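In this text, all values refer to a predicted model and were calculated from it rather than measured experimentally.
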Amino acid sequence: MGLACGIVGLPNVGKSTIFNAITAAGAESANYPFCTIEPNVGVVDVPDERLETIHKHIKTDRIVPASVKIVDIAGLVAGASQGEGLGNKFLGNIKECDAILHVVRCFKKGDIIHVSGSVDPKRDIEIIELELQLADLDTVSKAVERVAKKAKAQDKEAVLQKAIYEKAKDALERGISLRTLTWTPPELEALAPLFLITIKPVLYVANVSDDDMDGSSAEAQVVRAHAEATGAQMLPICGDIEGELMRMPPEDRGAFLAELGMQEPGLARLIRTAYKLLGLQTFFTAGQIEIRAWTIKKGDTGPVAAGKIHTDFEKGYIRAEVYSVSDLVAHGGEAAIKAAGKLRVEGRDYVMREDDIAHFLISK
């Protein structure tokens, strides 16, 4: 879909370590600031056990999971909004992402240099958020100036835009990230061309030590409390353990996870949470050639979903034959689903549901 999550944080908090583990792409990870200059980009599969469930009932040649793009953006520092530490370049990379994975260092063990000299999650979060707010403030201030003349001449669109931009500017001047405010659809539409950073959804990733996998340490709890206070989400992840897992042969990972008391890698939870953070959901197509998970936004209709397969399908959409994964499990196959009256025929107004398996009828 071209949707992306950007990994941000101070230098040396474990961004590239976590990126490497997520993507197995081998981004450089080192014990000095700014070892990541150009953003590393990886496309990762969204773990989904339903694909194997479908495959048990529908034999196919290929299984294709959904995916999300992950962008490892170089570490920000205080003053980034004024260009410190290559800041303007990095902030531009963040603007191009749809959601933010904010990595916060919560481990004290080891000899990894901290750019501020000590481990303090509250301070680190505040540094990053202030820089993002200042970058947005600069953007909306220029936007206000740009529409002010037309607004003064009572241009209706400019008057509306100016009011919305000033609402954003006022919040940012008070140190409030825009995602914490309530915005109407028309307001969001007006703000969209500005590519504001603090309006993007955020997942705080507490990079914890190997003896704090559940994030119960005081440092991780600081991150959790901040996430809850700002309407965001938080996940504890041990970057070192996850990296070790990804370097293991797949057949050895189960035993290692069992030793740690984990049912799955933390990164599987992270990827799924990031997927939900973007307001996405999955539908499936299934046949002899392939079983595939397709990514759509929550609330998308049948024609929009068909358009993900091929752009011409949205315009040519006639109807969809739809059933759920649970229907497939209950009845064992498409013929049995149809015989049981569970195969639904849906028109252009149908809103796709999580778990749908669909066949689309398209006009030629």
Candidate pair I164 and W183, rule side-chain contact (heavy atoms from CB on, under 4.5 Å), full reasoning: CA-CA 9 Å; I164 295 168; W183 300 95; 4.3 Å; yes
Salt bridge (Lys or Arg N to Asp or Glu O under 4.0 Å) partners of K162, counting only residues at least two apart: E166
Electrostatic pair E219:K108 at N-O distance under 4.0 angstrom: yes
Side chain proximity check, L260 to I241, heavy atoms < 4.5 angstrom: yes
Derivation of the side-chain contact (heavy atoms from CB on, under 4.5 Å) call for L132 and S177: CA-CA 8 Å; L132 301 185; S177 293; over 6 Å; no
Polar contact flag, side-chain donor to acceptor under 3.5 angstrom, S324-D327: yes
Distance in Å, I94 CD1 paired with I197 CD1, rounded so as to fall on 0.5 Å steps: 5.0 Å
Distance in Å, T273 OG1 paired with I237 CD1, rounded so as to fall on 0.5 Å steps: 8.5 Å
salt_bridge(D124, R105) N-O dist < 4.0 Å: no
Ion pair E187/K167, N-O distance below 4.0 Å: yes
Lys/Arg N to Asp/Glu carboxylate O, R272 vs E49, below 4.0 Å: no
Check ion pair E244-R253 (N to O, under 4.0 angstrom): no
Side chains of L278 and V68 in contact at under 4.5 Å (non-hydrogen atoms): yes
Salt-bridge present (E126, K122; N to O < 4.0 Å): yes
Side-chain donor-acceptor pair present, S216, Q221, cut-off under 3.5 Å: no
D72 CG to N20 CG distance, which is reported to the nearest 0.5 Å: 7.5 Å
Heavy-atom side-chain contact between I296 and L280 under 4.5 Å: no
Donor on one side chain, acceptor on other, W294 and T282, under 3.5 Å: no
V222-V104 co-clustered via ILVMFWY side chain contacts under 4.5 Å: no
same_hphob_cluster(L160, L194) at 4.5 Å side-chain heavy-atom cutoff: yes
Residue list, salt bridge (Lys or Arg N to Asp or Glu O under 4.0 Å) with R344, at least two apart or on another chain: E346, D356
Test item: K152 and K149 side chains (from C-beta on) under 4.5 Å apart, heavy atoms: no
From CG (D48) to CD1 (I271), nearest 0.5 Å: 12.0 Å
Sub-4.5 Å side-chain heavy-atom contact between I291 and T285: no
Side-chain heavy atoms of L203 within contact of M234, under 4.5 Å: no
Cation-aromatic face contact R348/Y350, 6.0 Å, 45 degrees: no
Linked, directly or transitively: F256 and V208 (ILVMFWY side chains, under 4.5 Å): no
Hydrophobic cluster identity match, V144 and V159, side-chain contacts under 4.5 Å: no
Any side-chain donor near an acceptor of the partner, Y275 and T295, under 3.5 Å: yes
Mutual orientation of the aromatic rings belonging to Y204 and H102 [parallel < 30°, tilted 30-60°, perpendicular > 60°]: tilted
Partner set under salt bridge (Lys or Arg N to Asp or Glu O under 4.0 Å) for R319, not counting sequence neighbours: none
Interatomic spacing from CG in L270 to CD in Q233 - rounded to 0.5 Å: 10.5 Å
Side-chain donor-acceptor contact under 3.5 Å, T198 with D136: yes
Within-4.5 Å side-chain heavy-atom neighbours: N207 and V13: no
